[in-house]
Amino acid sequence: MEVIVLASKRSLLLILFVTTISLFLSQKVTHVSAYNYTKPYGQVSSLRLERIQKHLNKINKPPVFTIQSPDGDVIDCVPKRRQPALDHPLLKHHKIQKAPKKMPKMMGTEKNDDGAANVLEGAWQLWHVNGTRCPKGTVPIRRNTMSDVLRSKSLFDFGKKRRSIDLHRRTEKPDALGTNGHEHAIAYTETSSEIYGAKATINVWDPKIEQVNEFSLSQIWILSGSFVGPDLNSIEAGWQVSPELYGDNRPRLFTYWTSDSYQATGCYNLLCSGFIQTNNKIAIGAAISPLSTFKGNQFDITILIWKDPKMGNWWMGLGDNTLVGYWPAELFTHLADHATTVEWGGEVVNTRASGRHTTTQMGSGHFPEEGFGKASYFRNLEIVDSDNSLVPVRDVKILAENTECYNIKSSNSNEWGTYFYYGGPGFNPRCN
């Protein structure tokens with residue numbers, strides 16, 4: 001990725017700094033009238049609005065520079081040491097790690113087959129379009145708004161995944177299979193060996209979402225702990241479309257974490273304290289562009305998550321060598337040691353709001369049998385072993401709750417290693 005240096009005179013930077021801070025601080029209010037938020041959210045009490053504004057004031061840190069994205073997002077360039085992560089009580093004395101002590105060792109050479117292009121080459125997030133980047137020493141953070149919070153079920157639920165599985169009904173199976181309207185098509189690996197990370201390349205689409213409180217995502221899960229108890233640890237990253245979370249239907253880069261089976265800890269992106277960002281050119285939660293098209297060009301992103309063997313933090317990388325940031329080891333219980341399961345694949349929420357299965361699509365919205373250029377894929381599945389080496393996954397199990405709605409088909413090749421196509425349209429004559 002290209003590094004762009006902002007060349008400005010010291011005096012101009014000072015003016016920009018003061019102006020930006022003034023504009024930001026002017027948005028902080030102690031009393032909000034309920035009048036402006038009667039539509040489309042219904043009547044909202046002044047007390048609730050004040051509580052929301054207080055929360056926004058806490059997570060929207062004062063920026064030194066602000067970038068307006070063409071999709072309507074506001075990207076705040078926040079000093080690295082003032083980002084939301086460091087508000088976490090377990091991270092009060094945490095010293096930000098600049099980079100992992102060791103990168104995972106490559107066991108083989110990946111090949112990009114069938115003409116797919118990696119979106120990390122060039123401007124791949126919409127806020128990059130005008131060429132502006134955040135200054136060195138800052139991190140880009142998507143600004144949260146009153147509307148973002150009001151779309152969620154409650155302030156507590158803002159930025160959190162709703163539990164996909166009732167803890168009393170869980171079985172010792174991967175995270176995917178469950179109730180509460182979450183449906184999946186995943187590949188997973190379970191091994192007696194300890195797992196210290198995973199990697200895959202995923203092509204990016206813009207699946208259609210039927211209801212505002214439904215989503216469609218494609219991601220990697222790094223898991224440890226009990227699937228039947230309240231102590232499951234999970235680290236997640238990928239792309240998602242979530243109208244409730246972002247207010248639109250654009251596919252966006254996202255992260256997630258929890259240390260208690262999605263009950264109280266963790267959140268998406270930087271919507272709570274936890275994940276520490278180190279990169280000043282990538283905004284977690286920002287829209288991805290360009291996208292794959294049906295029978296057209298395919299664009300994919302490569303995601304690597306692994307545990308630094310020296311410091312114990314779980315790092316996230318994009319492409320071949322772009323570091324995004326890390327989940328500190330202090331956040332976790334089981335993952336403070338190692339992972340036991342890795343999952344790759346898609347997830348949607350099916351609310352059955354119309355009395356039938358949702359039309360929300362997974363992946364491209366097409367079934368895996370249609371193949372390259374039509375169906376979504378994960379390719380070059382790898383895990384990180386105890387030697388900090390990336391090892392190609394030789395055997396995966398696949399899982400889908402309702403194959404008439406969303407399905408998955410895995411295979412192997414010299415170029416793509418272990419890979420799979422997955423997804424589907426949701427509601428159709430065989431899925432209702």
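In this text the structure is predicted, and so the values were computed from the model without any measurement.
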Query raised in the report: Quick check, are the ring centers of Phe299 and Trp124 under 6.0 angstrom apart?
Result: no
Requested in this report: Quick one: closest heavy-atom pair of Asn144 and Asn60, and the distance?
Outcome: O-ND2, 2.8 Å
Query - Ionic contact status for Asp73 with Arg252, cut-off 4.0 Å - result: yes
Report task. Using distance alone, with no hydrogens and no angle criterion, decide if Gln219 and Tyr256 have a side-chain donor and acceptor under 3.5 Å apart. Result -> no
Report summary line: Closest heavy-atom pair, Gly159 versus Leu245, reported as atoms and distance to 0.1 Å, is CA-CD1, 4.0 Å
Query raised in the report: Quick one: does Ser152's side chain have a donor or acceptor within less than 3.5 Å of a partner on Ser154's backbone?
Result: yes
Query - Ring centres under 6.0 angstrom apart (Tyr326, Phe275) - result: no
Query raised in the report: Can you find a heavy atom in the side chain of Gln97 that is under 4.5 Å from one in the side chain of Ile276?
Result: no
Query raised in the report: Would Arg142 and Val74 satisfy side chain to side chain contact (heavy atoms under 4.5 Å, CB included), going step by step from the backbone distance to the final call?
Result: CA-CA 6 Å; Arg142 179 182 180 271; Val74 175; over 6 Å; no
Query - Reference residue Asn233; test side chain to side chain donor-acceptor pair (under 3.5 Å); the match among Thr258, Thr333, Thr340 - result: Thr333
Query raised in the report: Can you check salt bridge (charged side-chain N to carboxylate O under 4.0 Å, His left out) on Asp87 and Lys61, steps first, answer last?
Result: CA-CA 11 Å; Asp87 291 338; Lys61 301 299 184 181; 2.7 Å; yes
Report task. Could you check Lys101 against Asp308 for salt bridge (charged side-chain N to carboxylate O under 4.0 Å, His left out), going step by step and ending with a plain yes or no? Result -> CA-CA 7 Å; Lys101 298 296 182 181; Asp308 178 6; over 6 Å; no
Query raised in the report: Got a salt bridge between Arg379 and Glu415, using NZ or NE/NH1/NH2 to carboxylate O under 4.0 Å?
Result: no
Query raised in the report: What about Trp306 and Tyr196, are their ring centers closer than 6.0 Å?
Result: no
Query raised in the report: If every non-hydrogen atom of Asp387 is compared with every non-hydrogen atom of Lys105, which pair is closest and at what distance?
Result: O-NZ, 2.7 Å
Query - Considering all heavy atoms, the nearest Asn269-Leu253 contact - result: OD1-O, 4.1 Å
Query raised in the report: Between His357 and Glu183, does any side-chain donor sit less than 3.5 Å from a side-chain acceptor?
Result: yes
Query raised in the report: Taking atom CZ of Arg352 as the centre, does the number of heavy atoms from other residues, nucleotides or ligands within less than 6.0 Å exceed 12?
Result: yes
